[in-house]
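First listed ligand is number 1; within each ligand, the first listed atom is number 1. Here the structure is a predicted model, which means the values were calculated and not measured.
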Amino acid sequence: MPVGGLLPLFSSPAGGGLGGGLGGGGGSSSGRKGSGPAAFRLTEKFVLLLVFSAFITLCFGAIFFLPDSSKLLSGVLFHSSPALQPAADHKPGPGARAEDAAEGRARRGEEDAPGDPAASLEDNLARIRENHERALREAKETLQKLPEEIQRDILMEKEKVAQDQLSNRAGFRRLPPVYLAPVNTIGAIDREPADAAIREKREKIKEMMKHAWKNYKRYAWGKNELKPVSKGGHSSSLFGNIQGATIVDALDTLFIMNMKDEFEEAQAWVEENLNFNVNAEVSVFEVNIRFVGGLISAYYLSGAEIFRKKAVELGVKLLPAFQTPSGIPWALLNIKSGIGRNWPWASGGSSILAEFGTLHLEFMHLSYLSGNPIFADKVMNIRTVLNNLEKPEGLYPNYLNPNSGQWAQYHVSVGGLGDSFYEYLLKAWLMSDKTDLQAKKMYFDAIKAIETHLIRKSRNGLTYIAEWKGGLLEHKMGHLTCFAGGMFALGADDAPEGMTQHYLQLGAEIARTCHESYNRTFVKLGPEAFRFDGGVEAIATRQNEKYYILRPEVVETYMYMWRLTHDPKYRKWAWEAVEALEKHCRVKGGYSGLRDVYFTKESYDDVQQSFFLAETLKYLYLIFSDDDLLPLEHWIFNTEAHLLPVLSRNLKKVEDDGK
Ligand code: DMJ
């Protein structure tokens, strides 16, 4: 219906009405400019009456057919949805930034309007028309849906409203008190190892950190990562245009290495520059493990409020990723619009096990740190979905459709796409102070199935973890999979009756295999993936699997094996890795990955990955430290090696004592 047809009803008898302003009614409407309703002929009045009653009918029809009529009422009649209105206490304080206020306005659909009442009336009309048309569209769509679909949409809409309210609430900016001491001092303060040779090695690793940091600072400060050969900034699409990944990833390593000045400059950068109010599509998983994890870790270690505030702020930004029918989050999220999607390459639009299964630890802490259970609810729902699903042979496939909540493809891996999901089950158990029995059961059930269906021994006795594709094995193990040695050993203590030694042994065997994958290369650093078929063992056979990108998983396993067994070979192997890194990856401008670990001449990939500072150097440093630096009973390492204290025994108790 042309809007111009309604104009006389809104015109003032004194003339100068809206017809000219809207100009959409054609000649007839402009011809009536200035005349009141009394001037209409009877037929005109009749037509107008008809048009008016049709409009009213449509509005009411739309109201009753829409899923959430209260929202429609506020949207159509009052054109302000409660979900999008700021809470009464959401006022920009004196220190509030201009962008915050502008963003608030944008979210409410406001513009910097001049004070012209006619123009604002026009705006109102345009909004009413827009709302009206949208309501009609939605009503039509609703009529075509099945009752279950309507039900599901209503639930999702309610969820969205709740989340929008949360994001807008000042509550997240006024965080509850958290009583840290003595949690943050347990083993976070460095002591020199007594043994001089070990001290020297540890000092060398600290020097490596200084080299990596100094060059990042010199050539790529504020960018996500460093290009150590071409000496510039490197930005991966994983973080959209959130910046500073290396700074946030490095914070806790700087802290535990007692690099005070560097930690302070990193903290200052976070205070002044770390900005999540950007139009960025990010990987929910990567941003969680590196940024949320890095900030939480820095908060617990240093006690500086800014880190908690930033972690919670970012956590809130990630919440819209969970707006799917099953609550299994999207892999990618635009943190400004809140629109999520999955990787285009992921089987049937699926979410990835290792991604949505690697949020648990950080989100449990976010709830603790914000005093809001929403984060924990989200990850506990993921847990419930996974626990309730039928598992093929007891295994967890890598792909799950967030719409149907069903597995999408029977591909199972303890390496890429699956890895840290298993790690987080175990660590959820440990981080809960061993109260999360469901996590414990799921973990031990899962690794039992993995052992039966994926773990094999090569002809020459190397234990490896293959990939499972619908019942068939691909005899390949990834560098990423090498973390599992440490995981098996870390969980061994709580294994079912009589299995502790078995899992410690399994950890040691995986460590040995991964060491072999390093030892069989020219540079003594391992390839991205190595195979146990076609007559080879622990060697990469495909060109595109021969690279090394400064990954930590092998030294991570050495760290756990060292801590849990004190077998000196783990320090020896770790030192071999240090020497190889120095010889082949160190360049003037930092550390670079290699394109081919079997090649005698280094071909650099020219990226200093942020996880090199977060993980690789941290694990190496810990191997040459005493066990009382970050004792494993108090600290859990997230999958990016960020530190999260065990929750209930430490924090809950401290919190209760503090009250
Ligand atoms: C890191 O970001 C994390 O360890 C993650 O779990 C896997 N990939 C990299 C390091 O290889």
His642-Phe637 aromatic ring centre distance below 6.0 Å: no
Please output the side-chain donor-acceptor pairs of residues 478-492 that fall under 3.5 Å, not counting sequence neighbours, one pair per line with the distance.
from: His479; atom 1: ND1; to: Glu553; atom 2: OE1; distance (Å): 3.0
from: His479; atom 1: NE2; to: Tyr518; atom 2: OH; distance (Å): 2.7
from: Thr481; atom 1: OG1; to: Gly478; atom 2: N; distance (Å): 3.1
from: Thr481; atom 1: OG1; to: Gly478; atom 2: O; distance (Å): 3.2

Below 3.5 Å only, please: the N or O atoms of ligand 1 paired with protein N or O atoms, distance on each line.
from: ligand 1; atom 1: 2 (O); to: Glu640; atom 2: OE1; distance (Å): 2.5
from: ligand 1; atom 1: 4 (O); to: Glu615; atom 2: OE1; distance (Å): 3.3
from: ligand 1; atom 1: 4 (O); to: Glu615; atom 2: OE2; distance (Å): 2.9
from: ligand 1; atom 1: 4 (O); to: Thr639; atom 2: O; distance (Å): 2.8
from: ligand 1; atom 1: 6 (O); to: Thr639; atom 2: OG1; distance (Å): 2.8
from: ligand 1; atom 1: 11 (O); to: Arg551; atom 2: NH1; distance (Å): 2.7
from: ligand 1; atom 1: 11 (O); to: Glu553; atom 2: OE2; distance (Å): 2.6

For the student: nearest non-hydrogen atoms of Thr246 and Trp213, plus distance: O-CZ3, 4.3 Å
Non-neighbouring partners of Trp575 that pass ring pair (Phe, Tyr, Trp, His ring centres under 6.0 Å), sequence neighbours left out: Phe624
With sequence neighbours excluded, residues passing salt bridge (charged side-chain N to carboxylate O under 4.0 Å, His left out) with Lys441: Asp445
Distance-only polar pair, side chains of Tyr547 and Arg595, donor-acceptor under 3.5 Å: no
